[in-house]
Novice: 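Right, I'll just put the structure down here and ask away after.
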Amino acid sequence: MRAKKIVCFFSVLLLFSVLMCSVDALSDTTVSFRGGGVTIYLTYPDEAYPNTNITHYVTINSSTTVTLKNFTVVIKALVNSSWQEILNGMNVYGIPPQLPQYYNLTLPLPQDANGMLQCFIFVNTSIIDDLATTVYTTLVSEPTFSEMLANYNSLQADYQSLLNDYDGLLANYSSLFANYTALLSEHNQLITDYNSKVAAYTSLLAQYNKLSDDNNALYDNYMAKLSELGALQTDYEDLNSTRYSIQASYNTLQAVYDGLNQTYIDLQKELTTLQQRINDSVGELNIDRVIMFIFTVAVAALIAFIIYLKRKKEEPYVVIRKETVSMKSDEES
């Protein structure tokens with residue numbers, strides 16, 4: 001803790017030393033010069049310390065519309081009893097066409113600079129050929145002992161105030177660091193949980209996309225099947241209507257068929273009866289034919305016998321009358 005306070009003290013002391021060397025001792029001064037309706041204003045710090053940066057502000061204005069053709073600034077510092085050029089700005093930042101124009105010329109002061117700065121300004125516009133002047137500006141010198149002592153007392157008071165603030169901030173830092181450590185652990189756990197959730201989400205998203213694609217395909221198939229079902233329903237209603245019509249026709253034809261079948265059965269019975277009668281008649285006809293054959297044979301034998309007897313012995317002339325006997329068949333009867 002003691003070492004930290006010593007390091008903090010020297011850091012603050014160094015910071016305030018730099019600030020003391022970079023701050024102007026007195027306020028800024030503005031000078032101007034004019035010619036041909038053109039006015040140039042130059043603002044610069046009255047005092048500065050070596051090895052610092054200072055800024056000169058230049059404003060070029062005009063009461064009428066004027067075009068700026070050339071603007072040159074040369075600033076010199078007295079270094080080891082000789083003039084050294086520390087800024088040579090010709091046509092600084094480019095020449096815009098119209099006035100007014102504003103320039104901020106920041107220049108570093110050498111380590112061994114001492115004395116007044118010499119500033120040479122040259123302006124060329126559309127209404128005057130040239131407007132030039134040389135001005136001695138900022139006084140560069142080392143800070144005096146009284147200034148350094150005043151700055152040291154001020155820095156000592158500021159250091160004590162900063163030290164008190166540092167102690168309070170250090171206590172707050174310790175508390176915040178403990179909280180930060182706890183929060184960091186929670187943060188790491190949250191990161192782990194988050195990565196796990198992201199992985200699970202990615203997997204679920206892939207499954208969801210697949211299910212969504214399958215659902216879209218099934219929905220398209222469902223709509224196609226629904227359309228086919230509508231067409232099949234229409235065909236079914238048409239076929240059902242046709243079936244009712246065919247059923248009615250079938251019932252009618254069934255009644256006709258039953259009637260015809262009964263007629264067929266009756267005719268079959270009659271055919272059987274007639275077939276039996278025909279068979280009986282054919283039997284009787286065959287018997288009659290046999291009888292007629294026997295009778296004919298008997299008659300022929302008798303005639304032959306008679307002729308034989310006649311040739312053997314003539315007998316009184318006998319006339320035998322032949323008669324044809326016809327018999328009616330059962331069919332004719």
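For reference, positions follow the sequence shown, starting with 1.
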Novice: Quick check: Tyr102 with Tyr57 (ring centres under 6.0 Å apart)?
Specialist: no
Novice: Out of curiosity, does Leu260 fall in the hydrophobic cluster containing Tyr264 (side-chain heavy atoms, cut-off under 4.5 Å, transitive links)?
Specialist: no
Novice: To the nearest 0.5 Å, what is the distance between CG (Leu170) and OG (Ser175)?
Specialist: 11.5 Å
Novice: With the side chain counted from C-beta on, respond yes when Leu42 and His56 share a heavy-atom pair under 4.5 Å apart, and no when they do not.
Specialist: yes
Novice: Would you indicate whether Arg243, at its atom CZ, is surrounded by more than 12 heavy atoms from other residues, nucleotides or ligands within a distance under 6.0 Å?
Specialist: yes
Novice: Between Thr263 and Gly259, is there a donor-acceptor pair closer than 3.5 Å when you use the side chain of the first and the backbone of the second?
Specialist: yes
Novice: Between the side chain of Asn251 and the main-chain N/O of Gln247, is any donor-acceptor distance below 3.5 Å?
Specialist: yes
Novice: Students often mix this up, so state it plainly: with edges at 30° and 60°, are the rings of Phe122 and Phe120 parallel, tilted or perpendicular?
Specialist: parallel
Novice: How far apart are the closest heavy atoms of Ala48 and Ile54, and which atoms are they?
Specialist: CB-CG2, 3.6 Å
Novice: Is the shortest heavy-atom distance from the side chain of Leu131 to the side chain of Asn124 under 4.5 Å?
Specialist: no
Novice: Determine whether Leu78 and Val73 fall in the same hydrophobic cluster, where Ile, Leu, Val, Met, Phe, Trp and Tyr are linked whenever their side-chain heavy atoms lie under 4.5 Å apart.
Specialist: no
Novice: I'd like to know if the side chain of Ser32 pairs up with that of Thr39 as donor and acceptor (distance under 3.5 Å, no hydrogens or angles considered).
Specialist: no
Novice: Check Leu99 against Gln101 and note the closest heavy-atom contact, atom names and distance.
Specialist: CD2-CG, 4.0 Å
Novice: Please check if the side chain of Ser281 supplies one atom and the backbone of Arg277 the other of a donor-acceptor pair under 3.5 Å.
Specialist: yes
Novice: What's the spacing between Gln156 CD and Ser161 OG if we round to 0.5 Å?
Specialist: 11.5 Å
Novice: At their closest point, which heavy atom of Tyr44 faces which heavy atom of Tyr136, and how far apart are they?
Specialist: OH-O, 3.9 Å
Novice: Between the side chains of Asp193 and Lys197, is the shortest nitrogen-to-carboxylate-oxygen separation below 4.0 Å, so that they form an ion pair?
Specialist: no
Novice: Could you grab the distance from atom CG of Asn88 to atom OG1 of Thr72, nearest 0.5 Å is fine?
Specialist: 8.0 Å
Novice: Give me the atom names and distance for the closest heavy-atom approach of Thr137 to Cys119.
Specialist: CG2-CB, 4.0 Å
Novice: So, do Val123 and Ile40 sit near enough that their side-chain heavy atoms are less than 4.5 Å apart?
Specialist: yes
Novice: Is there a side-chain contact between Thr138 and Met116 (heavy atoms, below 4.5 Å)?
Specialist: no
Novice: Would you indicate whether the side-chain heavy atoms of Val290 and Asn286 approach each other to under 4.5 Å?
Specialist: no
Novice: Could you measure the distance from the CG atom of Asp112 to the CD atom of Glu142? Nearest 0.5 Å is fine.
Specialist: 8.5 Å
Novice: Please step through side chain to side chain contact (heavy atoms under 4.5 Å, CB included) for the pair Ile86 and Lys76, ending with a clear verdict.
Specialist: CA-CA 5 Å; Ile86 60 175; Lys76 296 179 181 180; 5.9 Å; no
Novice: Ser126 side chain to Thr67 main-chain N or O, any donor-acceptor pair under 3.5 Å?
Specialist: yes
Novice: Checking Asn195 side chain against Ile191 main chain: does a donor-acceptor pair fall under 3.5 Å?
Specialist: yes
Novice: Same cluster for Leu176 and Tyr166 if Ile/Leu/Val/Met/Phe/Trp/Tyr side chains link at under 4.5 Å?
Specialist: no
Novice: Test your reading of the model: is there a side-chain donor-acceptor pair from Thr202 to the backbone of Val198, 3.5 Å cut-off?
Specialist: yes
Novice: Are any non-hydrogen side-chain atoms of Ile75 and Leu107 less than 4.5 angstrom apart?
Specialist: yes
Novice: May I ask you to decide if the ring planes of Phe71 and Tyr103 are parallel, tilted or perpendicular, using 30° and 60° as cut-offs?
Specialist: parallel
Novice: OG/Ser62 to CZ/Arg34 distance, rounded to the nearest 0.5 angstrom?
Specialist: 11.5 Å
Novice: Nearest 0.5 Å, what's the CD1-CG distance between Ile246 and Leu239?
Specialist: 9.0 Å
Novice: Under 4.5 Å between side-chain heavy atoms, hopping through other hydrophobics if needed: is there a path connecting Tyr41 to Ile121?
Specialist: no
Novice: Would Leu183 and Tyr194 show up in the same hydrophobic cluster when neighbours are defined by side-chain heavy atoms closer than 4.5 Å?
Specialist: no
Novice: Check the pair Val140 / Leu117 against side chain to side chain contact (heavy atoms under 4.5 Å, CB included), numbers first and verdict last.
Specialist: CA-CA 7 Å; Val140 181; Leu117 298 180; 4.0 Å; yes
Novice: Donor-acceptor pair, Asn261 side chain versus Tyr257 backbone, under 3.5 Å?
Specialist: no
Novice: Between Val66 and Thr64, is there a side-chain heavy-atom distance shorter than 4.5 Å?
Specialist: yes
Novice: Run the side chain to side chain donor-acceptor pair (under 3.5 Å) check on Asp258 and Gln254 step by step: do they pass?
Specialist: CA-CA 6 Å; Asp258 293 339; Gln254 185 68 33; 3.1 Å; yes
Novice: Testing the basics here: between Pro50 and Ala113, what is the closest heavy-atom pair and its distance to 0.1 Å?
Specialist: CG-O, 3.6 Å
Novice: Under a 3.5 Å distance rule, please check whether Ser241 uses its side chain to pair with a backbone N or O of Asp238 as donor and acceptor.
Specialist: no
Novice: Any donor-acceptor pair under 3.5 Å linking the side chain of Thr252 with the backbone of Ala248?
Specialist: yes
Novice: Can you find a pair of side-chain heavy atoms, one from Pro110 and one from Val79, that are under 4.5 Å apart?
Specialist: yes
Novice: Whether the side chain of Ser203 engages the backbone of Ala199 through a donor-acceptor N/O pair (distance < 3.5 Å, no angle test) should be reported.
Specialist: no
Novice: Would you please test Gln111 and Asn51 for side chain to side chain contact (heavy atoms under 4.5 Å, CB included) and show each step?
Specialist: CA-CA 5 Å; Gln111 179 66 38; Asn51 199 24; 3.1 Å; yes
